[in-house]
2 protein chains.
Amino acid sequence: MAESLNERSQNILEAIVEDYIASAEPIGSRAISRKHNFNLSPASVRNVMADLEEMGLLCSPHTSSGRIPTGKGFQYYIDTLLEVRALNQREKQNLRKNYRFKNMRMEDIMQEVGRVLSGLSQYTGLVMAPKFISTVFRQIEFIRLSQGRLLAIYVSETGLVQNKVIEADPTLTVQDLEQISNYLNAELNGMTIQEVREKLNDELHKDRVEYDRLKKQALSLSCAALQDEVEDQVYVSGASLMLGQPEFSTPEKMKRLIQSFESKKLLIELLDRGQSAQGVHIFVGSESSDIDLQGCSLITSNFSNQKGAIGTLGVIGPVRMNYSQVVPLVDFTAQLVSRVLDREIE
Amino acid sequence: MAESLNERSQNILEAIVEDYIASAEPIGSRAISRKHNFNLSPASVRNVMADLEEMGLLCSPHTSSGRIPTGKGFQYYIDTLLEVRALNQREKQNLRKNYRFKNMRMEDIMQEVGRVLSGLSQYTGLVMAPKFISTVFRQIEFIRLSQGRLLAIYVSETGLVQNKVIEADPTLTVQDLEQISNYLNAELNGMTIQEVREKLNDELHKDRVEYDRLKKQALSLSCAALQDEVEDQVYVSGASLMLGQPEFSTPEKMKRLIQSFESKKLLIELLDRGQSAQGVHIFVGSESSDIDLQGCSLITSNFSNQKGAIGTLGVIGPVRMNYSQVVPLVDFTAQLVSRVLDREIE
DNA sequence: TGTTAGCACTCGATAGAGGTGAGTGCTAAA
DNA sequence: TTTAGCACTCACCTCTATCGAGTGCTAACA
């Protein structure tokens, strides 16, 4: 994988990738030799191109056309040649101006971030809210809907609201419920749901212990409310912008792409891959990839508050994406969102 | 508009519309004369077709092709010729089996309904949740997020949860908040938000009256939490199914359609049109329509619980939609959802 | 030995020609 | 009033020719 290229080859590969990013069309040797001043004739460039093709970094759609970078070629470009310039203060300030987080609910923030990412990059914005399991318990309330049916409302540290309908002992009074929620709010405050679950499991296994009636109920209600898996929330913005990209110009490809976007499951799977990475993670959907987002690349970064609830945001675009522009955008936005969750800024 | 056609013309129009619905291709006189036993030669059929074209009910894409119904033709078909058979018990039972509402949150129900509508019709399902303003107050809770910032959580009669970040007097204690919410919950119970707002406005104008401190705070918090407009929630399911329809087979049309679906505003505007109608409402997006959903028809019906919170659900498909199949589906689903909201069934 | 000019070749894209067939409008006969 | 017959239209397909950007190879050159 880590084959070393001499400088000339690197320069030419870089030129081809960048020209291809700009034009979406195969790049010929003449164009390279003319536009960039390598002082090489087309013939020499062709020799280098043939080598790069042999290495699997380039390919040609047909015998007599220019070259386009392969997935591997893009990967090499990203790993070795891509220079991501850090944003200066003014650019950061400009970027911040696009976001308005004041008095926004968690959902609104997620949605807004997706919209801005999409608007600025002109690709599709993706945001995955922090996973339920990693959120920090702040408060739980129970509201009676009908005989034996309660609405449990859970609020996390960051103001994320989850609700769930649960079945419960119909003899519970409003006062009971209030006591139960007071008890739970005191008991569980500051723990992640992960920790809450462990605690609940511990308590459940200590069944020898005699609990009073209410504490028993509290245990069972909180289990019902917090034990299940909760579907991850994904926000997709600007899907139609992808349809303007030449790689998705045919009806079949459009349909496939939109289907992929509709299946949140696939997106979650993709975004999860970035969760383990530190900083910006670039996923190049190569031709051979198991995941079926052919022709797409995904640039993600995690955001988190100090207590550690981790979400992921990013931009999905064609493999031929403007990485040097989108990477800093994603990077800085993730930092911004992290600070918003910690209420450092509004 | 209400031009009267003789029986033969009606029969032929109906045959053309139905064949066109099935095939999506222009219908020729030969096909009509052969497949349907009107005992008419193609030439006679042609004469009738020429008349129908003159009346604006049919048109031909070009001189020497068969006819396709115009928007007006479809409208005539829907108004006059379409026979919607009521579902029998078995069909209703089958339909019900597709839905699982047990212990579902409002959002889940809406999403599920959209999915099933789309799956059964093979078009795109739309559901608009009951408007905030028409929901019935059940409970409000305030949760402190940080100094001076509260999360107000509102729960409606049907279990719809809305939350909003509001600014508040930072000196309010947790006990204050509990008292305030108790007061509001007693005071506003059973009123629609519409009514709540009127009440709040009345109270605000009686400003001569001396209130105690807490009541004043209660007033201001409930105003902040309930006074603003809340964006309507729209659930779109199976958008990609539309891309398989021949009327949206070109890249440009696909792009336009997906853009329309992304703009929730447009969808809300469309669904709102059906809100005033009783029963099933059919909106044919004619060529000249102001609203930009060319080539689409929308079949909607309202659902509501007994207290009157009204939402709208429906199916959007090509104008060439299978009305006789989709209309009963939408109709019965709306009834079903209404009963679910009233907790008559699960 | 690396570089370059020259040349034959490939192949997608574009345009025009010709044929096919479904369907029409018109007319005249039944 | 209905219908058979006929000339005509036009989208669609296929075949062919041309064009041009780009390639690989070879031989000459610095």
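Quantities reported herein were computed from a predicted structural model and do not represent experimental measurements. Lettering follows sequence order; numbering is per chain, from 1. Heavy atoms only: backbone and side chains are in, while hydrogens, waters and symmetry mates are out.
Residue B:Arg30 has no polar side-chain atom (N or O) positioned under 4.0 Å from OP1 or OP2 of C:dT24. A sub-4.0 Å separation between OP1 or OP2 of C:dT24 and a side-chain N or O of B:Ser64 is absent. Between B:Thr63 and D:dC10 there is a side-chain polar atom (N or O) within less than 4.0 angstrom of OP1 or OP2. Side-chain nitrogen and oxygen atoms of B:Ser29 include at least one within less than 4.0 Å of the OP1 or OP2 phosphate oxygen of C:dT24. Between A:Arg8 and C:dT3 there is a side-chain N or O to OP1 or OP2 distance below 4.0 Å.
In this structure, the helix from C:dT1-D:dA30 to C:dA30-D:dT1 shows an angle of 20° between the axis at its start and the axis at its end, each fitted on 5 base pairs and rounded to 10°.
Between B:Pro61 and B:Ala43, the residue anchored closer to the 5' end of DNA chain D is B:Ala43, taking for each the nucleotide with the nearest heavy atom. Residues B:Ser44 and B:His62 both approach DNA chain D. Their nearest nucleotides, taken by heavy-atom distance, put B:Ser44 toward the 5′ side.
Checking each of B:Leu266, B:Leu126, B:Ile316 against B:Phe261 for a side chain to side chain contact (heavy atoms under 4.5 Å, CB included) leaves exactly one that passes, namely B:Ile316. With A:Thr333 as reference, A:Leu313 is the one residue of A:Leu313, A:Leu120, A:Val127, A:Val116 to meet the side chain to side chain contact (heavy atoms under 4.5 Å, CB included) rule.
Atom CZ of A:Arg67 is separated from atom C1' of D:dT23 by 7 Å (rounded to the nearest Å). As rounded to whole Å, 10 Å separates atom C1' of D:dT3 from atom CG of B:Leu40.
Closest approach of B:Ser297 to B:Val319, counting heavy atoms only: OG-CA, 3.5 Å.
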